[in-house]
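The structure appears right after this line, and notes come after that.
Every heavy atom of this structure was used, including side-chain atoms; hydrogens, water molecules and symmetry mates were not. Below, chain A is the first sequence line, B the second, and so on; all start at residue 1.
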Amino acid sequence: MTFRLYDTATREVRDFVPLEEGKAGIYVCGLTVQSEPHVGHVRSAVNFDVLRRWLSHSGYAVTLIRNVTDIDDKILAKSAEQSRPWFNLAYEMHARLTEALASINVLPPTYEPGATGHVPEMLELIETLIARGHAYAAEDGSGDVYFDVRSWPSYGELTRQAVDDMESAGDADPRGKRDPRDFALWKGHKKETEPESAAWPSPYGPGRPGWHIECSAMARKYLGPGFDIHGGGVDLRFPHHENEQAQSRAAGQPFASYWMHNAWITTAGEKMSKSLGNSLLVPKVLERVRGVELRFYMVSAHYRSHVEFSFEALEEAAVGYRRLENFLERASAVLGEIPTTGMPCADFVVAMDDDLGTPAAVAAIFDVAREGNKLLEAGDSAALRGTAASVRAMLAVLGLDPADPAWGSAGDDAALTGVVDALVAGLLEQRAEARAAKDYARADVIRDQIKAAGIEVEDTPTGPKWSLSKEH
RNA sequence: GGUGGGUUGGCCGAGAGGCGAGGCAACGGACUGCAAAUCCGUGUACACGGGUUCAAAUCCCGUACCCACCUCCA
């Protein structure tokens, strides 16, 4: 039972063979913190969080590095529009991102380095590239430094493109480039348009890092010259990842063994970055469904499949999730706390080992939950214990354990539950009396009253049971 | 022009030569005072046209439409 994953570089699913037995080093391109995160942005984080959890579950010691790009053209442009320092914008958006990820139970990475904290590492790498003849300072005095694409014969190998077939961007300013496809490692400071705070000293004059170099430098620093998996969204394959690989390998490093790319969440058939308004910002979406339900929606689709976002589909997924949650609640009413040490079922393991087949894995959870519901009815609590623990364990691997403290303040909930229970108990007693007297009209009025307050009452063989309505 | 991906039932969404993943919705049944929850059952789905094969949603050829990337992008 080996973990297999789709490698973008070879375009095939292959066995995961780590560089070091029992360890997995992963680098994921995070966000440019220039605006508030929407559901599309966080999908990537969820996907790699699932990867990380699955590898950990499988016994690997995982090091996950997810960077934050905290200086770039867009951040500078937006902060100028908003008349505030670029670092203030980046800092605030970073905080919003952290909040959004926490709300859908994405574990913090091992470390989250930012570009601005690694300028010396980048300059060192640039120096190496110049010394090896793969980079040059622009001849136009702009202070830019470019990677020399023509000097690296395997340029284009990641995305299988021939340099000559690449369309050179029509609007690109060729400035001091030897070839229009050469890309910036270092961007000379533009005194007229950019704040002084956006410049760092360098041998080529004051300036700021180019986009791609940060990832090469930080991956090198935290994971070493060679590491196992590099991930990000599909759009990053080219140019970003192609360029990273070119830089790092031209500098003499083996770089990533596997490349993983997640597909988009689109809206109305378009990528979300173009979408209008802010209705899909994470906090907005969480007004409609709970964080765990949003996460379930994302995990229900394979990470390499496009998802066409819709609130209808999201809410439908939420209903499905509640079915699993409901099973665990019912089981817990019989068993007490469900053990966290359950074993995932075989189908689940096979699905996850096959390139993180989360859709099939979720289907496997539903199958086990159905078995569990049968055991619940049969009153076989010995068998139920194992089944419920299995469901909980599988959900936990996907970051979807309903009992995970990440979903809310358990302390307050427990206290509130006691209060509500006391209040509802009286009403339920009245309803029981009415039912005993066969006064069903009155019994139903009481039930409707309770329901109007947002509490569902269900009659079970062991008496009535109330629960908070999960409908929003 | 180059590169990659897609089109599956009412909806969402897997699969990748033979056995109808799973969920939601719908319908029928069991249970219930009625519900809810749960269980059981109910479906002639694979963009179109050819072809290969005993057998094609799956492989091949062609067509249509959609999407992404080609140096700002999760």
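Of the listed nucleotides (B:G22, B:A14, B:A74), B:A14 has the atom at the smallest distance from the side chain of A:A360. The side chain of A:N262 lies closest to B:A74, out of B:A74, B:G13, B:U71. Taking every side-chain heavy atom of A:V319 into account, B:C24 is the closest of B:C12, B:A74, B:C24.
Look at CZ on A:F296: it is 9 Å from P on B:C24, rounded to the nearest Å. Atom P of nucleotide B:U71 and atom NE2 of A:H241 are separated by 16 Å, given to the nearest angstrom.
One finds a side-chain N or O of A:S305 lying less than 4.0 angstrom from the OP1 or OP2 phosphate oxygen of B:A14. The side chain of A:R11 contributes an N or O atom lying less than 4.0 Å from OP1 or OP2 of B:G4. Between A:T32 and B:A74 there is a side-chain N or O to OP1 or OP2 distance below 4.0 Å.
Aromatic rings from A:Y6 and A:H302 are positioned such that their centres are separated by 6.0 Å or more.
Nucleotide B:A68 forms a Watson-Crick or G-U wobble pair with B:U3, both donor-acceptor distances falling under 3.5 Å. With a cut-off of 3.5 Å on both Watson-Crick or G-U wobble distances, the partner of B:G18 is given as B:C54.
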Under 3.5 Å, sequence neighbours excluded: what are the donor-acceptor pairs made by side chains of residues 391-399 of chain A?
| from | atom 1 | to | atom 2 | distance (Å) |
| --- | --- | --- | --- | --- |
| A:R392 | NE | A:D401 | OD1 | 3.2 |
| A:R392 | NE | A:D401 | OD2 | 2.9 |
| A:R392 | NH1 | A:I338 | O | 2.7 |
| A:R392 | NH2 | A:D401 | OD2 | 3.1 |

Report task. Between protein and nucleotides 32-38 of chain B, map the contacts as a letter string: B base, S sugar-phosphate only, - none, heavy atoms under 4.0 Å, written 5' to 3'. Result -> -BBBBSB
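With A:F48 as the aromatic partner, A:R66 does not meet the cation-pi criteria of under 6.0 angstrom to the ring centre and within 45 degrees of the ring axis.
Projected onto RNA chain B by closest heavy-atom contact, A:H302 and A:A363 fall at different nucleotides, the more 5' of which corresponds to A:H302.
Between B:U3 and B:G62, the two P atoms lie 15 Å apart (nearest whole Å). The C1' atoms of B:A45 and B:A16 are separated by 16 Å, rounded to the nearest whole Å.
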